[in-house]
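What follows is a short report on a single structure.
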Amino acid sequence: MEPRLSSGNIGSTVLQLVKLALSKPYTFVVLAILIVLGGSIAWLETATDIFPDIKIPVIAAVWTYRGLPPKDMSGRVVYYYERSLSTTVNDIDHIESQSLNGVGIVKIFFQPGVDIRTASAQVTAASQTVLKQMPPGITPPQILNYNASTVPILQLALSSKDLSEQKIYDLGQNFIRPALASVQGAAIPSPYGGKERQIQIDLDPAALQARHLSAGDVGAALAAQNQIVPAGTAKIGQFEYNVRLNNSPELVDQLNDLPIKTVDGTTVFMRDVAHVRDGSPPQRNVVRVDGGRAVLMTILKSGAASTIAIVDQAKALLPGLKATLPPSLKVQPLSDQSLFVKAAVSGVIKEGAIAAALTSMMILLFLGSWRSTVIIAASIPLAILAAVAGLAVVGQTLNIMTLGGLALAVGILVDDATVTIENINWHLEQGKSVRDAILDGAQQIVQPAFVSLLCICIAFLPMFFLPGIAGFLFAPMAMAVVFAMIASFILSRTLVPTMGNFLLREHATQHTAEIMVSHDARTGRPETRNVFIRFQSGFEHRFEAVRAYYVAVLAFALARRRVFIPAFMAVVLLSFALVPMLGRNFFPTIDAGQINLHVRAPIGTRIEETAALFDHVEDRIRATIPADELVSIVDNIGMPVSGINRAYSNTGGVGSQDAISW
């Protein structure tokens, strides 16, 4: 027996851990089962998304004052509001604003980790106190809380051949939107497109002038005779009745019978100078689906909720909603981001599984023992599941970054178990018993393995200090790798020795039963019919030839180091000349499964002209890409066929713009 190497306190501690694993094997088997159960539950329950939660809180204040030009909105509303925010609201990173026709949008970006409830209270208070400096009659702004993770994940196109745009908008706003708002983690803004219901009074200027009236008289008469005033109750007999006044018409047409003013002894009614109807304000945005007018509803992801869970719950509500809606109303899902999330996540899982399978094959080829391969292959998924459980504990999600980190760690995870098993096999070849081979092999490699673990973890340490969005994106990936490496190190010193004690055999027994085969003196080939043994023996023979060739190349380079080192450095420096040819982007180019065409018309173009303009664009697309070819394109990118969908607006006088997708 060789004397055991001493590796200090670390080696003694780990050796005691290995001895504990060998003396109480079932304890660590149960630990492995707990990791399988806990990791599987964490995998199923943890939210799944494209990217990690980017916790940069933003509060948007939307000021509305119909008819106010963008210049006045900027100078008379947004300007005073921004100055008020900068003096009364804490932890502001920066403020962005946009002034449109009748609308002012102010976005307040806060420092990461700020208490969003306190920030919302301060923004609301500032919005109320600044009202006195605003134009008269303006209402307080709408306050919206969101962050960088609040993104559109699903769009619903509402269309019908029988219903009007106003009716479709009303169904979306008052029936579909409240139902979808019950989905956890979903934010549902008001529908886009369609016509918002509004009671309209169409004045007749000639009739007003003939009766010496003005629009102010009509407004005063309407305000005086269309009021909701509680009248209390009346006790009559044994009952108490609610009393209602007839000072507010119940039907729209009854507003035409309101008296306005008595002129020269004649009472002028609303119908004499105007017409009251159930209408809508001038349309400022239009949505079309497959050539017909429609309404677009967008479902936003709010906070750290799972994109897949939100979309699945929203789609599950649609059949029940359709049963309560008019049969002619068509609800068509568009821009389903869950398809991309599922494809991205499954792609990462698939690549990780392929990497694990290839790694196991390489281990089988080099070690030539299925027992050792089983031990190593079992430790890889256990380390992954332990890392998933750790990610769930710290509140991370399963996303491209964390799954990418786990896929990256697969190749590194093999090192701990492989080195441990290979060293145990070496000691078995020296004629030691299985237990002594495990103890000696573990003690010999503990210090370099621990140093290797620290080096890998330290290499990912700077990612935890990245500022801004980069920190939110790459820190979860670093967590995934570090958790997997720590789990792999612990499993290699507990479960791997336990399984090795059960599965491995002393080489004397294994030599006579499995491995040792006689060789023909003339050919040098093993005299066995076992295909795997013959293949593995041939592989080792060819690998030894590659190793000999590498040793020869290395000796050649060492003998000519004065030439080799400058030549190598020159090649390295020349490679930097390729840097300008590389593109630069925050994320790599990806296929989102849809084609978007954004077009901007000249500033100030009327919405009617915009509609006509994009009719030509749509006709050109249909003429360029035939319907059957369009279906083929959509099928090839794996998205459901939904035709051509358009949405355009002229909000704010910045020019009409269009987004065409198919």
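Below, all heavy atoms of this structure are taken into account, side chains as well, without hydrogens, waters or symmetry copies.
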How about Phe568: does its CZ atom have over 12 heavy atoms from other parts shown lying under 6.0 Å from it?
no
Do Ser40 side-chain atoms and Leu37 backbone N/O form a donor-acceptor pair below 3.5 Å?
no
Residue pair Thr307, Thr48: steps toward the side-chain contact (heavy atoms from CB on, under 4.5 Å) verdict
CA-CA 7 Å; Thr307 297; Thr48 305; over 6 Å; no
If you apply the rule side-chain contact (heavy atoms from CB on, under 4.5 Å), what do you find for Thr494 with Leu20, and how did you get there?
CA-CA 8 Å; Thr494 55; Leu20 180 64; over 6 Å; no
To the closest 0.5 Å, what do you measure between OG (Ser433) and CD1 (Ile438)?
8.5 Å
Nearest atoms (heavy-atom pairs only) where Arg371 meets Leu503:
NH1-O, 2.9 Å
Report yes if some heavy atom in the side chain of Leu22 is under 4.5 Å from a heavy atom in the side chain of Pro497; otherwise report no.
yes
Measure the shortest side-chain to side-chain distance between Met479 and Thr402 over non-hydrogen atoms and say whether it is less than 4.5 angstrom.
no
A side-chain contact here means heavy atoms from C-beta on lying under 4.5 Å apart; do Leu408 and Phe460 qualify?
yes
Compare every heavy atom of Thr498 with every heavy atom of Pro25, then report the nearest pair and how far apart it is.
CB-CG2, 3.5 Å
With sequence neighbours left out, what residues match Arg561 under salt bridge (charged side-chain N to carboxylate O under 4.0 Å, His left out)?
none
Do Val546 and Tyr550 come close enough that some side-chain heavy atom pair is under 4.5 Å?
no
Exercise: identify the closest heavy-atom pair between Ile299 and Ala314:
CD1-CB, 3.8 Å
Apply the test side-chain contact (heavy atoms from CB on, under 4.5 Å) to residues His427 and Asp436: give CA-CA distance (whole Å), side-chain angles for both, the deciding distance (0.1 Å), then the verdict.
CA-CA 8 Å; His427 283 279; Asp436 290 338; over 6 Å; no
Please examine the side chains of Asp93 and Ile56, heavy atoms only from C-beta on, and report whether any two atoms are closer than 4.5 Å.
no
Does anything in residues 541-560 form a salt bridge (Lys or Arg N to Asp or Glu O under 4.0 Å)? List the pairs, not counting sequence neighbours.
Glu544-Arg547
Ignoring hydrogens, what is the shortest heavy-atom contact between Ala409 and Ala484? Give both atom names and the distance.
CB-CB, 4.0 Å
I'd like to check Leu31 versus Phe28 (side-chain heavy atoms, cut-off strictly below 4.5 Å). Are they in contact?
yes
Examine distances only and state if a side-chain atom of Asn425 and a backbone atom of Ile421 form a donor-acceptor pair shorter than 3.5 Å.
yes
Grab the two heavy atoms, one from Leu317 and one from Val183, that are nearest each other, plus how far apart they are.
CD1-CG2, 3.6 Å
Should we say atom CD of Gln184 is surrounded by more than 12 heavy atoms from elsewhere, each under 6.0 Å from it?
no
Which atom names give the shortest non-hydrogen contact between Ala47 and Ser306, and what distance separates them?
CB-CB, 3.5 Å
Scan residues 309-321 for pairs that pass side chain to side chain donor-acceptor pair (under 3.5 Å), counting only residues two or more places apart or in two chains.
Lys315-Asp336
Distance col, row Tyr26:OH vs Ile33:CD1, nearest 0.5 angstrom, shows 11.5 Å
Just wondering, do Leu154 and Ile310 contact through their side chains at under 4.5 Å, heavy atoms?
no
Min side-chain heavy-atom separation Leu180-Leu156 under 4.5 Å:
yes
Between Asp91 and Thr118, is the side-chain contact (heavy atoms from CB on, under 4.5 Å) condition met? List the steps.
CA-CA 10 Å; Asp91 299 320; Thr118 303; over 6 Å; no
